Novice: 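If you scroll down you'll find the structure; I have some questions about it.
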Amino acid sequence: MTLRIEEKKAILLAIVIPCYNEEPVLEKAASVLLRLKEELVRKQKISADSFLLFVNDGSSDRTWPIIQSLHDENPDIKGLNLSFNTGQQNALMAGLMTIRQRADAIISIDADLQDDVSAIEKMLDQYHAGFDIVYGVRRSREADSFFKRHTASLFYKLMASLGTKTIYNHADFRLMSRRAVEQLSQYHERNLFLRGIVPLLGYTSTTVYYDRNGRSGGNSKYSLHKMFNFAIDGITSFSVCPLRVIASLGFLFLICSLIAIGYTLYAWFHGETVAGWASLMISVWFLGSLILIAIGITGEYIGRIYLEVKHRPRYHIEEFLD
């Protein structure tokens with residue numbers, strides 16, 4: 001595959017930061033990213049017109065007033081206020097789509113500064129080397145809890161086994177060229193899973209490795225419930241394997257039931273029938289639970305079809321500070 005090689009020059013870079021109740025970390029995040037921007041401008045790697053875009057995802061704290069204050073103090077900070085909470089993936093998409101024609105490259109990063117901002121310069125170097133997409137990949141998950149570390153590993157392995165292309169240990173810290181973001185705008189599904197969609201774009205890509213830091217303030221917004229829903233969104237967005245597993249299990253239990261019928265008829269003809277209340281109850285409960293699970297999995301897909309066919313907007317922009 002031929003890389004998109006271009007002359008190394010200062011580019012207009014936009015950094016998109018989705019925010020949900022990030023009041024404790026916003027000012028520090030803005031300060032750190034602005035210092036980084038000034039350093040990259042001095043090195044002539046980005047244009048002085050480069051900017052930050054904070055996207056407020058319907059926060060209930062003072063996140064938006066702080067963004068407004070930061071914008072008033074520095075025109076390099078822009079703000080996008082969504083009218084209600086849409087989720088991190090939709091908030092990120094809103095930011096990307098709003099500025100996609102104004103920047104040569106866009107980097108997305110979380111406001112908690114756990115992603116190492118020093119990796120941004122390495123991403124820009126890879127962009128100048130001709131890559132349209134540069135994934136930020138953490139070297140390890142030692143900073144995570146035991147539970148989160150192992151469930152994340154299980155999730156990536158499960159996605160791979162279901163045939164979904166994802167980048168192992170990559171979240172949403174990435175650089176995308178303008179044409180990659182333009183291509184991303186062609187994906188209109190409401191059930192967004194950007195970690196699976198971006199690899200489908202097909203443009204030249206590479207990875208930059210970094211060590212993940214602890215949160216600079218506040219608490220994680222990804223509760224166990226949200227992580228579970230995120231995993232379900234990822235699986236149902238990109239794979240029909242669960243439905244095929246249900247069908248396979250149906251045929252397997254059909255074979256088992258035929259064997260059981262054969263055994264029952266054999267025992268009846270030979271007078272060996274015995275009271276089988278325990279085995280009957282176990283089989284009824286077991287098969288009943290499998291049926292309910294199958295209906296639930298099928299319902300997840302039907303529910304997502306229901307959401308997609310209505311074609312409702314993924315987000316509503318209340319205000320854009322430009």
Side-chain angles (χ1 to χ4, degrees), residues 3 8 11 13-19 22 25-26 28-43 45-46 50 52-55 88-89 92 95-96 103-146 148-153 155-157 159-160 165-177 180-181 194-199 201 203-222 227 230:
L3 294 180
K8 187 172 182 178
I11 63 170
L13 174 71
I15 301 178
V16 176
I17 310 103
C19 308
E22 297 290 2
V25 300
L26 268 181
K28 181 176 181 180
S31 175
V32 169
L33 291 171
L34 284 174
R35 284 200 304 269
L36 175 68
K37 182 222 163 183
E38 293 170 1
E39 180 182 349
L40 293 173
V41 170
R42 284 198 302 270
K43 293 180 178 180
K45 291 191 174 183
I46 64 173
S50 300
L52 314 179
L53 175 64
F54 288 92
V55 182
Q88 190 257 6
Q89 296 288 282
L92 177 53
L96 294 174
D104 298 311
I106 302 176
I107 289 178
S108 56
I109 188 172
D110 290 338
D112 56 21
L113 297 182
Q114 285 189 277
D115 297 319
D116 186 4
V117 298
S118 65
I120 290 177
E121 184 173 356
K122 299 176 185 177
M123 289 180 171
L124 288 169
D125 291 338
Q126 294 299 325
Y127 171 83
H128 284 299
F131 292 96
D132 283 281
I133 302 171
V134 185
Y135 300 102
V137 178
R138 64 181 74 178
R139 288 193 178 91
S140 70
R141 287 186 169 269
E142 295 303 320
D144 293 340
S145 65
F146 176 87
K148 189 172 182 179
R149 184 164 61 248
H150 286 81
T151 51
S153 176
F155 171 71
Y156 282 111
K157 291 177 181 177
M159 293 297 289
K165 184 179 180 182
T166 55
I167 308 300
Y168 188 73
N169 274 348
H170 164 70
D172 288 300
F173 183 31
R174 70 177 73 88
L175 177 148
M176 299 179 68
S177 68
V181 178
L194 292 175
R195 300 179 199 183
I197 293 176
V198 174
L201 300 180
Y203 291 120
T204 54
S205 63
T206 187
T207 57
V208 166
Y209 292 91
Y210 68 95
D211 293 316
R212 190 166 170 84
N213 306 313
R215 285 183 63 89
S216 60
N219 300 312
S220 173
K221 305 306 180 297
Y222 264 100
M227 286 191 292
F230 184 70

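We're numbering straight along the sequence, starting at 1. Model, not experiment: these values are computed from the prediction.
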Novice: Is any side-chain heavy atom of Q126 closer than 4.5 Å to one of V208?
Specialist: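 SC-SC contact between V208 and Q126 confirmed.
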Novice: Measure the spacing between CZ of F54 and CG of L26 and express it to the nearest 0.5 Å.
Specialist: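 Nearest 0.5 Å value for the CZ-CG distance: 6.0 Å.
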Novice: Ignoring hydrogens and angles, tell me if any N or O in the side chain of T204 forms a donor-acceptor pair with the backbone of G130 under 3.5 Å.
Specialist: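 Yes; judged by distance alone, with no hydrogens or angles, the pair exists.
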Novice: Taking side chain to side chain contact (heavy atoms under 4.5 Å, CB included) as the definition, give me every residue that meets it alongside A14, ordered by chain and number, with sequence neighbours left out.
Specialist: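 Scan of A14 (side chain to side chain contact (heavy atoms under 4.5 Å, CB included), adjacent residues dropped) gives F51, I99, A103, I106.
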Novice: Under the side-chain hydrogen bond (donor to acceptor under 3.5 Å, both in side chains) test, which residues partner E121, sequence neighbours left out?
Specialist: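 Per chain and number, E121 pairs via side-chain hydrogen bond (donor to acceptor under 3.5 Å, both in side chains) with K43, K45.
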Novice: If you round to the nearest 0.5 Å, how far is CG of L33 from CG of L52?
Specialist: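 Between atom CG of L52 and atom CG of L33 there are 5.5 Å.
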Novice: Looking only at heavy atoms, which two atoms of A111 and E22 are closest? And how far apart?
Specialist: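 Result for this residue pair: CB-CG, 4.0 Å.
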Novice: Mind checking the CG-CD1 spacing from L175 to I15? Nearest 0.5 Å is all I need.
Specialist: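 It comes to 9.5 Å.
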Novice: Please enumerate all residues that pass side-chain hydrogen bond (donor to acceptor under 3.5 Å, both in side chains) together with K37, with sequence neighbours excluded.
Specialist: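 In terms of side-chain hydrogen bond (donor to acceptor under 3.5 Å, both in side chains), with neighbours along the sequence ignored, K37 is linked to D76.
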Novice: Identify the two heavy atoms, one from P199 and one from R195, that lie closest to each other, and give their separation to 0.1 Å.
Specialist: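 Result for this residue pair: CD-O, 3.2 Å.
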Novice: When rounded to the nearest 0.5 angstrom, what distance separates OG in S31 from CG in L36?
Specialist: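 It comes to 11.0 Å.
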Novice: If you compare all heavy atoms of I133 against all heavy atoms of L201, which two are closest, and at what distance to 0.1 Å?
Specialist: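 That would be CD1-CD1, 4.2 Å.
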Novice: So F173 and M123, do their side chains get closer than 4.5 Å, heavy atoms only?
Specialist: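 In short, these two side chains touch, coming nearer than 4.5 Å.
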Novice: What distance separates E39 CD from I46 CD1, expressed to the nearest 0.5 Å?
Specialist: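 Interatomic distance, E39 CD to I46 CD1, rounded to 0.5 Å: 10.0 Å.
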Novice: I'd like to know if the side chain of Q89 reaches the main chain of L194, judged simply by a donor and an acceptor atom lying under 3.5 Å from each other, with no hydrogens or angles considered.
Specialist: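 At least one qualifying donor-acceptor pair exists.
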Novice: Mind listing the closest non-hydrogen atom pair of P18 and D110 along with its distance?
Specialist: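 Shortest heavy-atom separation between P18 and D110 comes out as CG-OD1, 4.3 Å.
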Novice: To the nearest 0.5 Å, tell me how far I107 CD1 sits from L53 CG.
Specialist: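 Spacing of CD1 (I107) from CG (L53) equals 13.5 Å.
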Novice: Under the criterion side-chain contact (heavy atoms from CB on, under 4.5 Å), which of V134, D132, V181 is the partner of M176?
Specialist: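 Of V134, D132, V181, side-chain contact (heavy atoms from CB on, under 4.5 Å) with M176 is met by V181 alone.
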Novice: Which atom names give the shortest non-hydrogen contact between V32 and L113, and what distance separates them?
Specialist: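 Of all heavy-atom pairs spanning V32 and L113, the closest is CG2-CD1, 4.0 Å.
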Novice: Can you check whether L92 reaches V55 side chain to side chain, under 4.5 Å on heavy atoms?
Specialist: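 The answer is no; the side chains never approach within 4.5 Å.
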Novice: Looking at A119 and Y210, what are the two nearest heavy atoms and their distance?
Specialist: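 Smallest heavy-atom distance, with atoms named: CB-CB, 4.1 Å.
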